[in-house]
Amino acid sequence: MSTSAHGPQPEQTSTLLLIDGHSLAYRAFYALPTDNFRTATGQYTNAVYGFTSMLINVLGAEAPTHVAVAFDVSRESFRQTEYAEYKAGRAKTPPEFAGQVDLVQEVLEAMNISVVTKDGYEADDVLATMATQAAEAGLSVLVMSGDRDCLQLSNDKITVLYPKKGVSEMARMTPDAIEDKYGVSPENYRGLAALVGESADNLPGVPGVGPKTAAKWIAKYEGLDGVIAHIDEIGGKVGESLRENINNVLRNQRLNKLLTDVVLPVEIADTERRAPSREAVHQLFDALEFRVLRDRLFADSGPDESTAEAFTVETERHGPDGLAAWLQGIGTPAGLAVSGTWRHGSGDIDLLAIAPAAGTVDADAGNEQPRVGVIDPSALDTEAENALANWLADADVPKVMHDAKGPSQALAARGLPLRGLTCDTELAAYLLHPDQRTYKLDDLVMRYLGRTIEIDESDDGQLSLDLDGDAAADTALGSNAAGVRDLAKALDGELEKIGAAGLLTDLELPIQRVLAGMETAGIAVDSDRIARLEDMFSDAAERAADAAYETIGRQVNLGSPKQLQVVLFDELDMPKTKRTKTGYTTDADALTDLFAKTEHPFLAHLLDYRDNIRLKQTVEGLRKAVSDDGRVHTSYQQTVAATGRLSSTDPNLQNIPVRTTAGRQIREVFVVGKDSGGRAYESLLTADYSQIEMRIMAHLSGDDGLQAAFRAGEDLHNFVGARVFHVDEADVSAEMRSKVKAMSYGLAYGLSAFGLSRQLKISVDEAGGLRDEYFARFGGVRDYLQDVVEQARRTGYTETIKGRRRYLPDLTSSNRQRRDMAERAALNAPIQGSAADIMKLAMLGVDEGLRHGELGSRMLLQVHDEVIIEVASGEADAVEELVRDKMANAYSLDVPLDVNVGHGKSWHEAAH
DNA sequence: CGCATAACGTA
DNA sequence: CGTACGTTATGCGC
C-alpha cells in the first residue's frame, strides 16, 4: 500500500475492536422500528440492520486492524450458579427478535469477522479477557457493548464504545469520560454499580441509593472497600438502608466483576481483520434487502475496497482509415460495448467500443494496456464497414459482451450480425446466482473484480451516450468494454468451478441467439379481430357492472377491493372471507364461495365483470403492443426466473388465456403472417410436451410405478388413480382422477395436506390419507422428494439434469416461514428447471434443424412447454417431423418424452 | 410520481 | 398453508 498525502494516515499501533454481539443487536432492535425492516418473506431485520450499520460505521471510523465479536452461547453462566435469580424475571425475548441473532452471525461470517463464544461464560467475560490480553500485548482496544459492566475495563489502552441514542451515535467512554459522567474512576465503577444495583440483571442494590449518592460515598471513602470499612459512620436513612442491604452489595460486586482469565479458543492474532467475502455479502444482503448497507460497506470500508480502482481506459476513435488493419491485429477475446437503442427485436446503434484482450500490445504505442477502439459505424466508408461487418460476423473471433441480445439485434438491424460470442457476462452471472434481481455490469465489475466502472445508463438500462466525438462518452463506453472483457474472464473461472461452463456455452448463449431471432420475427395478429374483441369484452364488462350496481342500488368501483369490502361485509353483511394483509379477500374463489352461501346476484355480476374487464385489458394490451409491421414482438427475459425458465414481457405472451372459451378467443387473434418480403407463410404449428414435469419427476425419482405409467403410454392420472384408489383403471371416476392429478402436481410444488384439502375442498384427514395412499404406491417419489431437500440443505443448492444450480440458503433459516418456502422451492426447482433445460435444448435442435435443412419456417414463441412455429409454404410435414424429433429427443430421460403437434391458421386453431 | 397490494392470467 | 412468472388498477404517501 502506498502512502498518500490524503486520507487517514496508517495506524501506528494495531487496534483490536471487540463487540458484544447480542447486546448490540438487542440495542438495535429497540432503536429501530420492526415494521420498517421486513423482507418480502416476512423476516424482521431491524436488529440485523442496526447492528450491521453500527459495525460498518465503527469499522470506517476506527479502522481497526483486528476485530472480534463475542456472543453468549447459552443463558447459563457461572453467575446463575452463584445466584440463581441472576437475570431472572427478564421479559421474554420478543418474537420479532428471535432469529435475528442468527442472521447477525451470518453477516459476520460473510464479512469474515471472527465470532468468539465460550460455554458457561457471558460475552462480556470473553471481551474482558481478550481486551486484557490485547492491551498487555500493546494493542489499543475498543470494546463496543451496550452493557455498562464493560465500563470497568476502561483504561489508557482500552476504550469502551457505548451506544447513545439510536444506532449511529457512540459514546467514547475513556477513563476521563467515565469520571465525568459517573464521578468515579473505571476501577471504582464496579463499586458504584454494586451499590446502585442493576434491575436488568435482577440484581437489587441499596434502596434509596442512586448513582449520585454512590459516587459521593466512593469518592469520600476512596472506593467501595472504604465505604464498607466505614459502613457504621454513614448516617441517615440511606446509611440504614446500606447496612440492611450490604449482602446485596457484596453479591453484586462479586457478580459484576468481568473475568479476565477465560480460556479462549482464539488468539488475538486470529482476529486480524480480513476483507469481506464479496460473494457471501452480496448473497446475504440481497436476501436481507440491505441495499444501502451494501453500498456503504463496499463504498468506504475494507482493506480491499479502499483500493478499488476505476477502470481508466484510453480510447481512440477509428474512422474509415486503418480500421481494417486495427481489427486484424487486436487480441481476443475482445470486450464489446454498444450504445444505442433497442426494443421489440430491433434497434439502432450509435457507437461501438472494442477492448482488445489485455496483455496484447498496441502496435503503435507499445502500451501494456491496449487502447479501446471506439467506432461510429455511420462514419465509415463501405470498405471499412465491410471490415467491421466481417470481424463482427466471424465466429472464430472470440468476443464477450454484457446483455448482448438487444445490442445484437440493433447491430443486425444495421446489417452487422454478431457471431463468436464466447461469454455474455449477464448470462454468466445469472448461471452463478440465478435469483438475483439484477445483473448490472457496474455491480458485477465491483463484485467480481473489486473495481468501479463508469456507467451512463438511461432508465431502460441501455447505454445512450452523446455522439460527435464526445470524449466522456467514448471513455464511458470504453470502460464498459474493458470491464466486460475482464469480467468475462472472472465469471468463466467461477462457472468452471461449479461445472457450469457448458451451460453457458452450449445452452444459454446459443439460446440467446434463438430468442433474438424470435423477438425480431414477432407474431402476426389480426388487428380487426383485436378491435372487435376489445369492444365485445368492454361491452360485456359494462353490462355486468350496470347489473351489479342495480342489485345494490348504487355505483361502486368494482375494481377496488377496498370498496368491495365495504359493500360485501358492511352493507350486505356477508360472512367474512379469508384475511389479507389489509382486510378480507374478494378474490374469485372467495366470491364463488360467498355466492354459494348467499346467492346474492351482486356476486354473480361482479364475477362476470371481473372476467370481462380482465379479458378486455388483455386485448387492449395486445392492441397497444402491435408494431407497424402488424406483428407483436415480445421480449424474452433470460435472467429473471430463478429456475432457468424464460419469461416474457412487453407484452407477456406467456399468459394469454386458454382455459375458458371466452379467453381462447384471444388466441384466435394470433395468426399466420407474411415474411418481411411479403411472402405469406402457410400456417402456425404448435408443439407442446405432454406432462413434462411429471415425466421428469418419474425420471429423477426412479419410481418404478410412475415410470411404468409413462412407458405404458396410458393416461397418467387414470393410471395413478387406479392404484391410489385400488380400483380397475376402467373404474377411475372423474373425481378420483382430478384428485390424484392435483396430488401429483401438488407434490412437485411442495403442497401440504392442508393446502391439498383446501384446493380439493376435502378434509385435511382425507387429503393426508390420499397422500399416504399415493406414497404407499409410489414410494420412490416420497424418497426422492425427501432426498432433494436433504441434499439441498447439505450442499446449499439444488441442481437440474443439466447442472443448473439454485442456491437456497433459507433451508437452514431459523425462521419457519422462510425455511418452508425454501423447502418448497427446493422441491420444485429441479423439476421446473430440468423442464426448462429440456425445452431450451429442444429449441436449439429445432433452430439448427431449420437452418440446416434450409427451411424457411421460423420459431416465434415459447410458452414453457410449448413452441409456436410459423410454417413456410410446403414445409408443414417436414417441420412437424423435425419438431417431433428434436423435442422428443432433446434429452434422454428414463421415460419417453411425448410431444403433441397441431397446425392451424391461428394459435387457437393450431392448438387443436 | 413511485411504491405496495390485491387480483389473475399462463406453465 | 403449492412452484415459477408479468400486468393491471387502486390507493397511499412523497
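Keep in mind that what you see is a predicted model, and the values were worked out from it rather than measured. Any value given below was found using the heavy atoms of this structure, including those in side chains, with hydrogens, waters and symmetry copies removed.
- Contact annotation: Arg614(A) side-chain N/O to dT8(C) OP1/OP2 distance is not under 4.0 Å.
- Here Ser752(A) reaches the OP1 or OP2 of dG2(C): one of its side-chain N or O atoms lies under 4.0 Å away.
- OP1 and OP2 of dA6(B) both lie 4.0 Å or more from every side-chain N or O belonging to Thr586(A).
- Distances were taken from every side-chain heavy atom of Asn652(A) (C-beta onward) to each of dA9(C), dT3(C), dG6(C); the shortest belongs to dG6(C).
- Comment: Lys405(A) does not engage Glu426(A) in a salt bridge, judged by the lack of any side-chain N to carboxylate O separation of less than 4.0 angstrom.
- Considering Gln409(A), Arg631(A), His633(A) in turn, Gln409(A) is the only one that fulfils the side-chain contact (heavy atoms from CB on, under 4.5 Å) rule with Thr520(A).
- If you check dA11(B), dC5(C), dA6(B) against the side chain of Thr580(A), the one that comes closest is dA6(B).
- Put simply, CG on Asp589(A) is 11 Å from P on dG9(B), counting in whole angstrom units.
- In terms of phosphate contacts, Arg645(A) brings no side-chain nitrogen or oxygen within less than 4.0 Å of OP1 or OP2 of dA11(B).
- Summarising the geometry, the separation between CE on Met843(A) and C1' on dA11(B) is reported as 14 Å, rounded to the nearest angstrom.
- A tilted orientation is assigned to the rings of Tyr807(A) and His433(A), their planes being inclined by 30° to 60°.
- Side-chain nitrogen and oxygen atoms of Thr618(A) include none within less than 4.0 Å of the OP1 or OP2 phosphate oxygen of dT8(C).
- Within the 4.0 angstrom heavy-atom criterion, only backbone atoms of the sugar-phosphate kind lie near Ile656(A); the bases stay farther away.
- Taking the side chain of Tyr745(A) as heavy atoms from C-beta on, and the options dG9(B), dG2(C), dA11(B), the nearest nucleotide is dG2(C).
- Contact between the side-chain N/O atoms of Thr585(A) and the OP1/OP2 oxygens of dA6(B) is not found at any separation under 4.0 Å.
- Between dA4(B) and dG2(C), the distance separating the two C1' atoms is 24 Å to the nearest Å.
- Using a 4.0 Å cut-off, no side-chain N or O of Thr643(A) falls inside it from OP1 or OP2 of dA4(C).
- Between the side chains of Gln512(A) and Asp424(A), at least one donor N or O lies within less than 3.5 Å of an accepting N or O.
- For the 3.5 Å distance criterion, the side chains of Tyr891(A) and Ser834(A) fail to qualify, holding no donor opposite an acceptor.
- Going from atom OH of Tyr430(A) over to atom P of dC5(C) covers 8 Å, rounded to whole Å.
- The side chain of Pro561(A) lies closest to dA6(B), out of dA6(B), dT3(C), dG6(C).
- Atom CG of Leu653(A) and atom C1' of dA11(B) are 14 Å apart (whole Å).
- Side-chain contact of Arg805(A) with Tyr797(A): a donor-acceptor pair under 3.5 Å is present, judged by distance alone.
- Remark: Arg819(A) does not engage Asp810(A) in a salt bridge, criterion side-chain N to carboxylate O under 4.0 Å.
- In the model, Ser527(A) has no side-chain atom that pairs as donor or acceptor with a side-chain atom of Arg532(A) under 3.5 Å.
- Neither side chain, Ser690(A) nor Asn900(A), offers a donor N or O lying under 3.5 Å from an acceptor on the other.
- Listed candidates were dG2(C), dT8(C), dT10(C). Nearest to the side chain of Asn557(A) is dT10(C).
- Residue Asn828(A) has its side chain nearest to dA4(C) when only dA4(C), dA7(B), dG2(C) are considered.
- Distances shown here put every side-chain N or O of Gln832(A) at or beyond 4.0 Å from the OP1 or OP2 atom of dC5(C).
- Here Asp688(A) lies out of heavy-atom contact (under 4.0 Å) with every strand.
- Distance CD (Gln862(A)) to P (dT10(B)): 16 Å, rounded to an integer number of Å.
- Across all strands shown, Gln563(A) has heavy atoms under 4.0 Å from sugar-phosphate atoms exclusively, and none from any base.
- Within residues 802-809 of chain A, the residues approaching DNA chain C are Arg806(A), by heavy-atom distance under 4.0 Å.
- Contacts between residues 632-642 of chain A and DNA chain C, counted as heavy-atom distances below 4.0 Å, involve Val640(A), Ala641(A), Ala642(A).
- Note on Gly746(A): a base of the nucleic acid sits closer than 4.0 angstrom, heavy atoms only.
- Contact between the side-chain N/O atoms of Ser560(A) and the OP1/OP2 oxygens of dA9(C) is not found at any separation under 4.0 Å.
- The distance from atom CZ of Arg819(A) to atom C1' of dC1(C) is 15 Å, rounded to the nearest whole Å.
- Rounded to whole Å, the distance from CD1 on Ile831(A) to P on dG2(C) is 16 Å.
- Across all strands shown, Ala588(A) has heavy atoms under 4.0 Å from sugar-phosphate atoms exclusively, and none from any base.
- Atom CG in Asp587(A) sits roughly 14 Å away from atom P in dG2(C) (whole-Å rounding).
- The CG atom of Leu785(A) sits 8.0 Å away from atom OG of Ser701(A), with the distance rounded to the nearest 0.5 Å.
- Of the charged side-chain nitrogens involved, at least one lies within less than 4.0 Å of a carboxylate oxygen, so that Glu766(A) and Lys739(A) count as a salt-bridged pair.
- Side-chain nitrogen and oxygen atoms of Thr649(A) include none within less than 4.0 Å of the OP1 or OP2 phosphate oxygen of dG6(C).
- Under 4.0 angstrom from either OP1 or OP2 of dG11(C) there lies no side-chain N or O belonging to Lys562(A).
- Between Leu622(A) and Ile666(A), some side-chain heavy-atom pair lies under the 4.5 Å cut-off.
- Between the base of dG9(B) and the side chain of Asn655(A) there is a donor-acceptor pair shorter than 3.5 Å.
- Ranking dT10(B), dG6(C), dA4(C) by closeness to the Arg659(A) side chain, first place goes to dT10(B).
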